[in-house]
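Since this is a predicted model, take the numbers as computed values, not measurements. Proteins come first, then strands; the chains are lettered A, B, ... in the order of their sequence lines, and each starts at number 1.
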Amino acid sequence: MRHWLMKSEPDAFSIDDLKRLKKDAWSGVRNYQARNFMKEMAVGDAVLFYHSSCEPPGVAGLAKVVADAHPDATQFDRRSPYYDPKATKAKPIWACVDVAFVRKFGRLIPLEELRGAKALKDMVLLRRGSRLSVQPVTKEEFDAVMKLAGK
DNA sequence: GCCAACGTTGGC
DNA sequence: GCCAACGTTGGC
């Protein structure tokens, strides 16, 4: 099993939204590197759900992959902000996995606290200028975050 | 294939 | 709202 971190702006889609829906397709990713990481994901992989562009930013909870990468439906939808005119059903460009809610942490683990954790010093999230919205996390990093979450 | 211009992300 | 750091686009 592998571990990942996925970012979302809580104003758009938060851990509470995922809890309410139970599961959802992680659509709208329009970055090739992030897409490629989703294609590497497998059912059962663990996902740290990160809240970005909010105060404070941080890891809000835990999700899991429940469907392998499949074409992102929003690329074909002319009314979607994620519509991509270059994509066709025969030759889709963008993919997404489905993720399910596992749990919301008792407290949000703020970015600042992650920066302070020795075990996380090499985390992709903390690298200078890292804007990747989908990124791999090592087992050690994952365990360290879970420890900070208190469970 | 280079690279300047432009757009986006996301912390601050 | 600012702006650094990137990714993408398109002219050449």
Side-chain angles (χ1 to χ4, degrees), chain A residues 2-21 24-41 45-65 68-99 101-138 140-150:
Chain A
R2 298 180 67 183
H3 306 79
W4 309 91
L5 179 143
M6 298 174 95
K7 295 181 187 173
S8 181
E9 298 187 18
D11 286 349
F13 190 78
S14 72
I15 187 88
D16 294 317
D17 292 322
L18 184 62
K19 182 177 184 178
R20 184 164 41 79
L21 296 176
D24 199 25
W26 203 269
S27 57
V29 170
R30 293 295 179 267
N31 170 281
Y32 289 103
Q33 208 179 344
R35 179 203 67 181
N36 293 344
F37 281 134
M38 283 199 286
K39 287 185 172 182
E40 289 183 28
M41 292 182 183
D45 282 2
V47 176
L48 296 172
F49 195 118
Y50 181 87
H51 281 178
S52 65
S53 293
C54 55
E55 190 51 50
V59 180
L62 188 61
K64 66 179 176 185
V65 177
D68 288 344
H70 52 83
D72 178 344
T74 63
Q75 70 192 306
F76 309 124
D77 180 359
R78 286 177 186 281
R79 285 174 308 266
S80 167
Y82 302 114
Y83 175 64
D84 187 338
K86 294 194 291 295
T88 64
K89 291 264 168 80
K91 280 219 158 186
I93 298 173
W94 305 107
C96 61
V97 295
D98 292 352
V99 300
F101 176 82
V102 175
R103 85 167 146 274
K104 182 180 179 178
F105 292 157
R107 65 183 187 100
L108 180 123
I109 317 301
L111 175 62
E112 193 184 8
E113 189 172 334
L114 301 177
R115 287 194 194 286
K118 266 216 179 67
L120 301 178
K121 65 177 175 54
D122 295 324
M123 203 175 178
V124 174
L125 180 75
L126 306 183
R127 288 220 263 271
R128 225 164 69 91
S130 171
R131 300 176 308 165
L132 255 189
S133 63
V134 177
Q135 34 179 278
V137 173
T138 67
E140 291 70 27
E141 290 163 351
F142 179 84
D143 290 344
V145 173
M146 294 307 279
K147 199 171 168 189
L148 290 175

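- In this structure A:E113 satisfies the side chain to side chain donor-acceptor pair (under 3.5 Å) test together with A:R107, sequence neighbours excluded.
- The side chain to side chain donor-acceptor pair (under 3.5 Å) check on A:Q33 picks up nothing, with sequence neighbours excluded.
- Here the range on DNA chain C touched by chain A, meaning any atom under 4.0 Å from one of its heavy atoms, is C:dA5 to C:dT8.
- Residues passing the side chain to side chain donor-acceptor pair (under 3.5 Å) test with A:R2, sequence neighbours excluded: A:E40.
- Residues satisfying the side-chain contact (heavy atoms from CB on, under 4.5 Å) criterion with A:K86, sequence neighbours excluded, are A:D84, A:I93.
- Under the side chain to side chain donor-acceptor pair (under 3.5 Å) criterion, A:D17 pairs with A:S14, A:R20, not counting sequence neighbours.
- In this view, A:S133 and A:K7, A:V29, A:A34 satisfy the side-chain contact (heavy atoms from CB on, under 4.5 Å) rule, not counting sequence neighbours.
- Taking the side-chain contact (heavy atoms from CB on, under 4.5 Å) definition, one finds that A:R30 meets it with A:D72, A:T74, A:Q75, A:Y82, A:W94, sequence neighbours left out.
- Contact check of residues 109-127 of chain A against DNA chain B (heavy atom, cut-off under 4.0 Å) returns A:L111, A:R115.
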